[in-house]
Chemist: 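Encoded as C-alpha cells, here's the structure I'll be asking about.
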Amino acid sequence: MPTVASSPSLIQALRTETAELHVALEKRLPFFSAGLDLELYRRLMTAYYGFYQPLEQRLHVLSLTPTGLDQSRRIKLPVLRADLVALGMDDAAIEALPTCHALPEIESRTAALGVSYVLEGATLGGQILRRRVAEQLGLDASSGAAFLNVYGELTGRRWKDFLDYLGDRNLGSAQTLEVTRAAKATFTCFERWLDCQEVLL
Ligand code: HEM
C-alpha cells in the first residue's frame, strides 16, 4: 500500500508551527540580559532540570521514545545534573527540586517525536548560549555549563541524524498534526514552567 506523503514535510510543518513559540521563549529567557549573574544562571538551570527530569523520564520509562532513534545517547539529564553539582548543589538539594507536573501529553510514539524535536533542536541554540555563558560568567563544561553543549562537537551530526529520521517517517496529515501539536505543547509547557519558577524576563 502506498504511504501517504506528508505535505508539507514533517520538518517544515514543525518549523512553521513552532517558530513563533520559539521566538517568544527566546525573548523571555534571560541568557542575554545584563542581569545574568551566577545566581540567576543557577536558578535557570535548576528550573530546566525541573522540566527535563520528568519529561525525559516520561519519554523513557513509558518507552515512548521514537523507535529507531539512538535515544539512549540523547538523554541530557545526567549532564544537567552534573552542572548543578558543579554549581554547588548536593544530591539532596537536587532531589528536593520542584519538578513540573504540567507536561505535554505524550500518548503515542508519534507525539513523542514532537517532544523530541523540541529537545533536540534546543541543542542548536545551546551553541550560542554556551558562548554567552562563557563570556558573561566564565563557565565552561567543567564548571556548570556542560548542558548547553551537551553533544559537543557531535551537535551538528546528531541534529542531521534526527532530521533524517524525521524525513524517513512518511506520516499522513493526522499524524503530522499529532507531532506538531506535541511540539507546540512542549514549548508552551516549558515556558509556563519557567515562568512559574520566575526565571523569565
Ligand atoms: C535564548 C535562548 C535560545 C536561543 C538564542 C536559540 C537560538 C536558536 C538558533 C540560532 C537556532 C537555529 C540553529 C541552526 O539552525 O543551526 C535554534 C533552533 C532551535 N531551537 Fe533554539 N534557541 C534558544 C532557546 C531554545 C529553547 C529553550 C528551545 C526548546 C526547549 C529551543 C528549541 C529550538 C528548536 C526546536 C530548534 C530547531 C529549529 C529548526 O527546526 O531548525 N531553543 N535556536
Side-chain angles (χ1 to χ4, degrees), residues 6 8-36 40-41 43-56 58-59 66 69 71 74-77 79-80 83 99-100 102-104 106 111-137 139 145 147-169 171 176 179-197 199-201:
S6 37
S9 76
L10 183 54
I11 181 62
Q12 204 45 59
L14 279 163
R15 285 182 170 144
T16 309
E17 291 293 315
T18 61
E20 260 180 44
L21 294 168
H22 184 285
V23 171
L25 178 56
E26 194 182 325
K27 276 191 191 147
R28 296 192 67 200
L29 280 163
F31 286 102
F32 287 92
S33 116
L36 181 72
L40 176 55
Y41 176 73
R43 289 204 298 115
L44 190 54
M45 287 300 109
T46 58
Y48 264 68
Y49 185 88
F51 189 74
Y52 274 71
Q53 194 275 334
L55 187 56
E56 277 198 348
R58 190 177 281 195
L59 279 174
L69 193 64
Q71 197 71 34
R74 293 179 187 262
I75 298 172
K76 299 157 192 71
L77 202 73
V79 174
L80 191 46
D83 280 345
T99 53
C100 179
L103 294 172
I106 318 171
L113 264 187
V115 178
S116 296
Y117 165 76
V118 179
L119 300 184
E120 291 307 307
T123 65
L124 302 177
Q127 293 300 299
I128 295 169
L129 304 181
R130 86 183 158 90
R131 272 175 234 132
R132 162 68 178 167
V133 164
E135 281 162 19
Q136 177 82 359
L137 306 174
L139 297 179
F147 172 76
L148 298 177
N149 190 25
V150 66
Y151 294 156
E153 59 187 20
L154 293 177
T155 307
R157 174 81 253 162
R158 293 248 167 107
W159 178 243
K160 190 183 172 301
D161 288 348
F162 183 75
L163 290 185
D164 288 347
Y165 181 81
L166 282 186
D168 288 343
R169 288 313 92 198
L171 304 182
T176 299
V179 181
T180 55
R181 194 178 283 151
K184 287 199 282 190
T186 307
F187 270 110
T188 307
C189 291
F190 192 35
E191 179 166 351
R192 282 197 193 130
W193 168 252
L194 295 174
D195 211 7
C196 82
Q197 296 302 297
V199 292
L200 294 183
L201 302 174

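All ligand and atom numbering here is 1-based and tracks the order in the structure.
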Chemist: Would you say the ring centers of Tyr49 and Phe147 fall short of 6.0 Å from each other?
Modeler: no

Chemist: Could you identify the single nearest non-hydrogen protein atom to atom 39 (C) of ligand 1 and state the distance to 0.1 Å?
Modeler: Arg15 NE, 3.1 Å

Chemist: Give me the residue, atom name and distance of the protein heavy atom closest to atom 29 (C) of ligand 1.
Modeler: Val118 CG1, 3.5 Å

Chemist: Assess whether atom CZ of Arg132 is packed by more than 12 heavy atoms of other residues, nucleotides or ligands within 6.0 Å.
Modeler: yes

Chemist: Where on Leu25 is there a heavy atom closer than 4.0 Å to ligand 1, on the side chain, on the backbone, on both, or on neither?
Modeler: side chain

Chemist: Do any N or O atoms from the side chain of Gln136 and from the backbone of Leu36 form a donor-acceptor pair under 3.5 angstrom?
Modeler: yes

Chemist: What residue and heavy atom of the protein are closest to atom 10 (C) of ligand 1, and at what distance?
Modeler: Ile128 CD1, 3.3 Å

Chemist: Flag atom 12 (C) of ligand 1 as yes if some protein heavy-atom distance to it falls below 4.0 Å, otherwise no.
Modeler: no

Chemist: Under 4.0 Å, heavy atoms only, figure out whether ligand 1 is touched by the backbone of Tyr117, its side chain, both or neither.
Modeler: both

Chemist: Ala47: what forms a side chain to side chain contact (heavy atoms under 4.5 Å, CB included) with it, not counting sequence neighbours?
Modeler: Trp193, Leu194, Gln197, Val199

Chemist: Around atom CD of Gln127, are there more than 12 heavy atoms of other residues, nucleotides or ligands at under 6.0 Å?
Modeler: yes

Chemist: Closer than 2.8 Å to atom 21 (Fe) of ligand 1, how many protein N/O/S atoms do you count?
Modeler: 1

Chemist: Does Tyr48 have a non-hydrogen atom less than 4.0 Å from ligand 1?
Modeler: yes

Chemist: Given that the side chain starts at C-beta and the backbone is N, CA, C, O, which of these parts of Thr186 lies under 4.0 Å from ligand 1, counting heavy atoms, or is it both or neither?
Modeler: neither

